[in-house]
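Naming: A, B, ... by sequence-line order, numbering from 1 per chain.
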There are 2 protein chains.
Amino acid sequence: MPQAAGRTEAAERILEAAKHLFAREGYGSVSIRDIAEAAGVSKANIFHHFASKEELYLETLRRSCEAARALLEAFREEHPCPAHQLRSFFRDDLRQASDDTDGSLLLIAEGFNAGPQRARALVEEVFGADFRRFTQVLAAGQSSEGPWRTDIDPAVVATLMIAANTFFISHREVLRQLPGVDFADDPERYADHVVDILLDGIRKEA
Amino acid sequence: MPQAAGRTEAAERILEAAKHLFAREGYGSVSIRDIAEAAGVSKANIFHHFASKEELYLETLRRSCEAARALLEAFREEHPCPAHQLRSFFRDDLRQASDDTDGSLLLIAEGFNAGPQRARALVEEVFGADFRRFTQVLAAGQSSEGPWRTDIDPAVVATLMIAANTFFISHREVLRQLPGVDFADDPERYADHVVDILLDGIRKEA
DNA sequence: GTCTATATGGAGATAGAC
DNA sequence: GTCTATCTCCATATAGAC
């Protein structure tokens, strides 16, 4: 029962196991033996399907990129009110990341301290689309007669949202341990809180 | 010329090299040989000073924790206005992280997808103190007659600030590649933009 | 304290039978 | 396509001379 990209069923299991292990342990800490055991195949079988460990890793990365993009497309939904749009976008963003935690961790880890080449590729493949989505709705809200201040840099707000998402996904357990945090397992509540703050700030209306 | 904790000069060089490599490449991808070459000593010498690779890693981690805490203490400075305090705290936070990028990367990577044990230790050693600093100034600003809204959860704001810091440090190169981002190499400008948004939000004053 | 030399195991990868 | 058996190399770690 071959899968999507013409992969055999075993190859799929290998990719699944590899993705999970790479995401959780990191490339260097995962051995082919680990992956073989998790996937229920022999080591040699992995090299039959993939040229090298590096190639296997890159394939999991490619798939996670594709999945992220596909989910992003799926969530697209327009709404006239910019504030509503921002909230809906950010909720989607967190939901997508939560729906594919391993894939998200893989992408975040890949961007972690990456060099220019890898960072550029990542931005082109995933972060950039997300970022643009945010800056576009922000720019819309700032257009003439829009409801938002024009002295705020949309890039900063978009960065803040991506940072909020990234931290929530990659440091979940740290979040759980922080005193007074009761939203570590409720992405939607977290998302709403964050958007509330971004919209109106913490200062009282004069 | 022995250093602080009674370490010999070579042990210090080893720790320096290990910290840098672990921070940049990740534990699993760094070999004792790599560290030995970077430090200019033999492999055996490393095992003379440190019981194992794991122990060496843990020592770099301990030191980064200490350094982070020391820097945090050093920056402490009170100011009557909560908004000023928040800004000053967040600037300090980013400056501290920038001043010891390797140490910060080490701590962030350690928190990345950590299990409960490691996450708890990290929160007790570093993230917790930072988090508390933020929530305290927030709570102060929310006290009766304080200038801030009381319907905002201080924990969310603190999380947002730590997320903003973490992302800035660990995904710097991604930031550089994002379109319209001109603050990737200017922590203070980034910090000020972020605090401006947190204080007043992006919505126009009605 | 520092080194060279070495032990031992596991890594990534290949050969070849089925 | 899948396996067992094997190759080679490099990993962590130790022994022992200086």
* Classify the ring geometry between Y190(A) and F183(A) as parallel (under 30°), tilted (30 to 60°) or perpendicular (over 60°). => parallel

Contact check, residues 15-39 of chain B vs DNA chain C, heavy-atom distance under 4.0 Å, returns none

inquiry  = Could you tell me if the side chain of R149(B) sits less than 4.5 Å from the side chain of I202(A), heavy atoms only?
reply    = no

Polar-atom pairs under 3.5 Å, protein N or O versus N or O of nucleotides 15-17 of chain C: list them with distances, or write none.
none

Within-4.5 Å side-chain heavy-atom neighbours: D93(A) and F134(A):
yes

Could you label the plane-to-plane angle of the H171(A) and F112(B) rings as parallel, tilted or perpendicular, counting under 30° as parallel and over 60° as perpendicular? perpendicular

Does a side-chain heavy-atom distance below 4.5 Å link P154(B) with Q142(B)?
yes

Does a nitrogen or oxygen in the side chain of N45(B) sit under 4.0 Å from OP1 or OP2 of dG1(C)?
no

For this session: Assess whether side chain to side chain donor-acceptor pair (under 3.5 Å) is satisfied between D34(B) and S31(B), documenting all intermediate values.
Result: CA-CA 5 Å; D34(B) 294 335; S31(B) 74; 3.2 Å; yes

ask   = Taking C-beta and beyond as the side chain, do F90(B) and L198(B) meet within less than 4.5 Å on heavy atoms?
value = no

In whole angstroms, the gap separating C1' of dT2(C) from CZ of R13(B) amounts to 11 Å

In whole angstroms, the gap separating P of dA11(D) from OH of Y57(B) amounts to 20 Å

(Q) For a 4.5 angstrom cut-off between non-hydrogen side-chain atoms, does T159(B) reach F131(B)? (A) yes

note: K43(B), atom NZ; dA15(D), atom P; distance rounded to Å ~ 15 Å

Exercise for the section: Let me see the working for K53(A) and F22(A) under side-chain contact (heavy atoms from CB on, under 4.5 Å), right down to the final yes or no. Expected result: CA-CA 11 Å; K53(A) 181 186 175 184; F22(A) 285 145; 4.1 Å; yes

Within residues 46-54 of chain A, those residues having any heavy atom closer than 4.0 Å to DNA chain C are F47(A), S52(A), K53(A)

task = Can you label the angle between the F167(B) ring and the F127(A) ring as parallel, tilted or perpendicular, going by 30° and 60°?
result = tilted

